A.B. asks: 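The structure that follows is given in the form of structure tokens.
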Amino acid sequence: MTSKRIFYNILYIAVVVGIILGIWAVAAHAIDSEFVLPSVSSTAAEFSRVLKSAEFYDGLSGTLWRSTLGFLISLALFFVTFCFSTAFEPFRRIVEPLISAIRSLPAVAVTLILALSVGGYGTPVVLGVLVIYPIMYSAARAKTSTLPSELKEVCVICGANKFQTFKSLWFPCLAGALPETLSTSFSYNIKAVIGAEILAQTADSLGMLMKLSQLYLEPAMLISYVIAAVAVSVIAECILRFALKIVLHKYCDSN
């Protein structure tokens with residue numbers, strides 16, 4: 001059954017890629033301008049050249065480092081905030097409006113402000129935190145909102161302290177959703193970091209390579225970098241989801 005599911009997943013992905021390439025080829029032929037929309041073949045040739053370029057791997061490693069750093073900071077903030085919000089109702093009432101405000105911030109404007117205050121290297125990291133930290137927290141609250149109140153009362157009656165309640169009640173409820181939530185957040189974080197790198201003109205980054213491709217009027221190279229960024233995001237998301245499912249398998253199996 002598992003092999004059959006994997007086969008169909010690969011088949012669906014191949015079909016989607018085929019449809020995208022077909023639409024791309026038709027549109028490129030109709031436009032007939034390499035400066036507006038390069039052909040599939042010319043982009044493939046450029047993509048092959050990009051993969052052999054040292055500057056691509058320098059930019060990729062820089063982007064992945066900033067994405068990972070921002071993700072780890074967001075993860076730490078998320079767990080601390082969620083733990084305290086489940087333990088102390090006043091804390092939850094204070095922090096949730098703040099998280100809602102952070103979620104509502106315009107990303108482009110914040111990036112421009114951060115570029116002036118923390119520089120090109122720090123901006124993508126901070127923006128990534130501002131983007132995915134609220135996503136993590138909101139997903140966790142949505143998952144645990146269905147927790148029966150009777151279970152909370154049982155913990156109180158049994159005399160469980162805050163840590164014991166979190167360990168035996170809140171975390172098992174939350175853990176089943178972590179593989180999907182955290183892997184999706186990491187993938188989304190890569191996209192947010194690249195966007196911030198473009199605006200902040202961060203050196204040694206995929207964002208800066210995309211910006212230079214646009215300035216030098218090299219659309220095939222620009223599309224190649226975009227394809228590489230999408231591929232890296234998808235691969236990173238799949239790896240993280242798989243790893244988390246292994247680590248949290250006993251919780252995932254029950255959800």
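Everything numeric here is computed off the predicted structure, so don't read it as measured data.
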A.B. asks: Show the nearest heavy-atom pair for residues Phe91 and Thr81, with the distance to one decimal.
C.D. replies: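 Distance-wise, the nearest heavy atoms are CE2-O, 3.6 Å.
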A.B. asks: Flag the pair Ile73 / Tyr133 as yes when at least one side-chain heavy-atom distance between them is below 4.5 Å, and no otherwise.
C.D. replies: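 Ile73 does not reach Tyr133 side chain to side chain.
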A.B. asks: For the CH2 atom on Trp65, are there more than 12 heavy atoms of other groups (residues, nucleotides or ligands in this structure) within a distance under 6.0 Å?
C.D. replies: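 Open.
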A.B. asks: For Asn189 and Gly128, which heavy atoms make the closest approach, and how far apart are they?
C.D. replies: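 Nearest pair, atom of Asn189 first, then Gly128: OD1-CA, 3.1 Å.
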A.B. asks: Under the side chain to side chain donor-acceptor pair (under 3.5 Å) rule, what pairs show up with a residue in residues 202-228, not counting sequence neighbours?
C.D. replies: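 Listed by first then second residue: nothing to list.
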A.B. asks: Of the non-hydrogen atoms in Ile198 and Gly207, which two are nearest, and what is the gap between them?
C.D. replies: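 For Ile198 and Gly207, the tightest heavy-atom pair comes out as CG1-O, 3.3 Å.
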A.B. asks: Counting distance only, does the side-chain N/O of Trp24 pair as donor-acceptor with the main-chain N or O of Ile19 below 3.5 Å?
C.D. replies: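 No.
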A.B. asks: Measuring from Leu222:CG to Met210:CE, what's the distance to the nearest 0.5 Å?
C.D. replies: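 Reported value, rounded in 0.5 Å steps: 7.0 Å.
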A.B. asks: So, taking the atom named CD1 in Ile223 and the one named OG1 in Thr43, what distance separates them when rounded to the nearest 0.5 Å?
C.D. replies: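 Nearest 0.5 Å value for the CD1-OG1 distance: 4.5 Å.
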A.B. asks: If you group Ile, Leu, Val, Met, Phe, Trp and Tyr by side-chain heavy-atom gaps below 4.5 Å, do Val80 and Leu69 land in one group?
C.D. replies: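 Yes, same cluster.
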A.B. asks: What distance separates Glu46 CD from Ser39 OG, expressed to the nearest 0.5 Å?
C.D. replies: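 Result: 11.0 Å between the selected atoms.
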A.B. asks: If two hydrophobic side chains count as joined below 4.5 Å and joins carry through other members, does Ile239 share a cluster with Phe71?
C.D. replies: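 As far as the 4.5 Å side-chain criterion goes, Phe71 and Ile239 are not connected within one cluster.
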A.B. asks: Between Ser42 and Ala220, what is the shortest heavy-atom contact and its length?
C.D. replies: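 Closest pair (atom of Ser42, atom of Ala220, distance): O-CB, 4.3 Å.
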A.B. asks: Check whether Leu72 and Leu127 end up in the same hydrophobic cluster, where Ile, Leu, Val, Met, Phe, Trp and Tyr are linked by side-chain heavy atoms less than 4.5 Å apart.
C.D. replies: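 Cluster IDs for Leu72 and Leu127 match.
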A.B. asks: Rounded at 0.5 Å granularity, tell me how far CD in Glu180 sits from CG in Leu240.
C.D. replies: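 Rounded to the nearest 0.5 Å, the CD-CG separation comes out at 10.5 Å.
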A.B. asks: Crowded around Phe84 CZ? As in, over 12 foreign heavy atoms under 6.0 Å?
C.D. replies: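 No - once you tally the heavy atoms of other residues, nucleotides and ligands closer than 6.0 Å, there are 12 at most.
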A.B. asks: About how many Å separate OG of Ser187 and CD1 of Ile235, when rounded to the nearest 0.5 Å?
C.D. replies: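 OG of Ser187 is found 11.0 Å from CD1 of Ile235.
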A.B. asks: Under 3.5 Å, is there a donor on one side chain and an acceptor on the other for Glu237 and Tyr188?
C.D. replies: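 Tyr188 and Glu237 do not have a side-chain donor-acceptor pair below 3.5 Å.
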A.B. asks: Return yes if a side-chain donor-acceptor contact under 3.5 Å exists between Ser100 and Arg103, otherwise no.
C.D. replies: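 Arg103 and Ser100 do have a side-chain donor-acceptor pair below 3.5 Å.
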A.B. asks: Please answer whether the main-chain N or O of Cys83 pairs with a side-chain N or O of Thr86 as donor and acceptor at a distance below 3.5 Å.
C.D. replies: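 Yes: the side chain of Thr86 pairs with the backbone of Cys83.
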A.B. asks: For the atom pair CD1 (Ile190) and OG1 (Thr63), what is the distance rounded to the nearest 0.5 Å?
C.D. replies: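 These two atoms lie 9.0 Å from each other.
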A.B. asks: Which heavy atom of Gly59 sits nearest a heavy atom of Leu209, and at what distance?
C.D. replies: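 Residues Gly59 and Leu209, closest heavy atoms: CA-CD1, 4.4 Å.
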A.B. asks: Do Val232 and Leu182 belong to the same hydrophobic cluster, where Ile, Leu, Val, Met, Phe, Trp and Tyr are linked whenever their side-chain heavy atoms lie under 4.5 Å apart, directly or via other members?
C.D. replies: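 Yes, one cluster joins them.
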A.B. asks: Mind running side-chain contact (heavy atoms from CB on, under 4.5 Å) on Ile132 and Phe186 for me, showing each step along the way?
C.D. replies: CA-CA 8 Å; Ile132 68 170; Phe186 187 78; over 6 Å; no
A.B. asks: Got a donor-acceptor contact below 3.5 angstrom from the Ser48 side chain to the Ala44 backbone?
C.D. replies: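 The answer is no, because no donor-acceptor pair under 3.5 Å joins these two groups.
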A.B. asks: State, to 0.1 Å, how close Pro134 and Val129 come at their nearest heavy-atom pair, and which atoms those are.
C.D. replies: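 Here Pro134 and Val129 meet closest at CD-O, 3.9 Å.
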A.B. asks: Apply side-chain contact (heavy atoms from CB on, under 4.5 Å) to Val125 and Val193, showing your working.
C.D. replies: CA-CA 7 Å; Val125 176; Val193 165; over 6 Å; no
A.B. asks: Could you tell me if the side chain of Arg141 sits less than 4.5 Å from the side chain of Phe82, heavy atoms only?
C.D. replies: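 Phe82 reaches Arg141 side chain to side chain.
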A.B. asks: With distance as the sole test, does Tyr121 use its side chain to make a donor-acceptor pair with the main-chain N or O of Arg66 at under 3.5 Å?
C.D. replies: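 No; zero donor-acceptor contacts below 3.5 Å.
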A.B. asks: Between the side chains of Glu96 and Ser85, does any donor sit under 3.5 Å from an acceptor?
C.D. replies: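 Not at all, the side chains of Glu96 and Ser85 share no donor-acceptor pair under 3.5 Å.
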A.B. asks: Do Tyr137 and Phe78 have ring centroids that are under 6.0 Å from one another?
C.D. replies: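 Aromatic pair excluded; centres sit 6.0 Å or further apart.
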A.B. asks: Excluding sequence neighbours, so at least two apart, what forms side-chain contact (heavy atoms from CB on, under 4.5 Å) with Thr181?
C.D. replies: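 Residues passing side-chain contact (heavy atoms from CB on, under 4.5 Å) with Thr181: Ala139, Ala177, Ser185.
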A.B. asks: Membership question, hydrophobic clusters at under 4.5 Å side-chain separation (ILVMFWY): are Ile20 and Val230 in the same one?
C.D. replies: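 No, separate clusters.
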